[in-house]
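These notes are about the structure you will find just below.
Being a predicted model, the structure only gives us computed values, none of them experimental. These values consider heavy atoms only, across backbone and side chains, with no hydrogens, waters or symmetry-generated copies. Note that the numbering runs from 1 along the sequence shown for the chain.
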Amino acid sequence: QVHLVESGGGLVRPGGSLKLTCAASGNSFSNSTMGWFRQAPGKEREVVAVVDWRLPDAYYADSVKGRFTISRDNAKNTVYLQMNSLKPEDTAVYYCAADRSWSVYAVHYDYWGQGTQVTVSS
């Protein structure tokens, strides 16, 4: 079992930065694949970034490559998403997710946080 709580969302201007944090509880965190997903109104949930527990393997959606960075601290049971050069199209609810196996598909993830809103607007 893994319990996930996201934080760090908010309102930011285009070109700005935010850092999301996902705090995990449960003794299987260090062996889990961790992912960040997002869902905008009227759209399907999509992958943003995924990190394997055996760093440094990571996957990024094309739309965020070069702007977002996923990282994890197994000692703190925490995964981060640093978001730079934010665009209005990055506006969405961002979710942290965990699973035992590597995947970039939301349907494969067993554990989800409650989500945090990110709004990019001037």
Side-chain angles (χ1 to χ4, degrees):
Q1 283 280 350
V2 179
H3 181 62
L4 305 170
V5 179
E6 303 97 334
S7 61
L11 173 65
V12 63
R13 295 182 183 274
S17 298
L18 280 176
K19 186 174 185 177
L20 305 184
T21 298
C22 174
S25 60
N27 57 13
S28 59
F29 172 82
S30 61
N31 293 332
S32 298
T33 294
M34 301 299 298
W36 284 98
F37 294 79
R38 67 186 181 187
Q39 189 165 18
K43 294 188 176 181
E44 292 188 355
R45 192 168 298 190
E46 63 177 6
V47 65
V48 176
V50 177
V51 64
D52 190 77
W53 67 273
R54 299 163 296 180
L55 292 174
D57 294 343
Y59 167 90
Y60 295 93
D62 287 343
S63 57
V64 307
K65 279 181 183 176
R67 300 188 298 123
F68 291 11
T69 302
I70 188 171
S71 61
R72 64 189 294 166
D73 186 335
N74 287 340
K76 295 182 178 180
N77 281 6
T78 303
V79 63
Y80 306 96
L81 184 69
Q82 177 67 47
M83 305 185 295
N84 299 327
S85 302
L86 282 160
K87 305 175 180 180
E89 51 264 43
D90 294 317
T91 296
V93 177
Y94 283 70
Y95 297 90
C96 175
D99 196 75
R100 295 179 182 85
S101 302
W102 174 267
S103 178
V104 300
Y105 299 103
V107 67
H108 293 160
Y109 282 73
D110 290 331
Y111 303 104
W112 292 86
Q114 82 288 351
T116 185
Q117 176 70 47
V118 171
T119 303
V120 185
S121 175
S122 55

- prompt: Taking atom types as modelled, is there a side-chain donor on N84 or S17 under 3.5 Å from an acceptor on the other?
  reply: yes

Heavy-atom donor-acceptor pair, [X] side chain to [Y] backbone, under 3.5 Å:
X    : Y    : result
Q114 : E6   : yes
D110 : D99  : no
Y109 : S103 : yes
S32  : M34  : no
S85  : R67  : no
S63  : A61  : no

Rounding to 0.5 Å, atoms CD (Q117) and CZ (R38) come to a distance of 12.0 Å

Honestly curious: do [X] and [Y] fall in one hydrophobic cluster under the side-chain, below-4.5 Å linking rule?
X    : Y    : result
L11  : V120 : no
V48  : V79  : yes
V12  : F68  : yes
V107 : L4   : no

Ignoring hydrogens, what is the shortest heavy-atom contact between [X] and [Y]? Give both atom names and the distance.
X   : Y   : value
A49 : L81 : CB-CD1, 4.2 Å
W36 : L20 : CH2-CB, 3.6 Å
H3  : V5  : NE2-CG2, 3.7 Å

message = Please confirm whether the ring centroid of W112 lies under 6.0 Å from the ring centroid of F37.
response = yes

**OP:** Could you walk me through whether V50 and T33 pass side-chain contact (heavy atoms from CB on, under 4.5 Å), step by step?
**Re:** CA-CA 7 Å; V50 177; T33 294; 3.3 Å; yes

For the pair Q39 and E46, evaluate side-chain contact (heavy atoms from CB on, under 4.5 Å) and give the outcome as yes or no after the intermediate values.
CA-CA 6 Å; Q39 189 165 18; E46 63 177 6; over 6 Å; no

Would you call [X] and [Y] a side-chain contact if the rule is heavy atoms closer than 4.5 Å?
X    : Y    : result
V118 : D90  : no
P14  : P88  : yes
Y80  : K19  : yes
L86  : L18  : yes
V47  : Y60  : no
V93  : T116 : no

inquiry  = Against the six-membered ring of Y95, is R45 placed for a cation-pi contact (under 6.0 Å from the centre, within 45° of the normal)?
reply    =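 Checked: cation-pi criterion met.
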
- Counting heavy atoms not belonging to E44, are there more than 12 under 6.0 Å from its CD?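 No, because the 6.0 Å sphere around CD of E44 holds 12 heavy atoms or fewer from other groups.
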
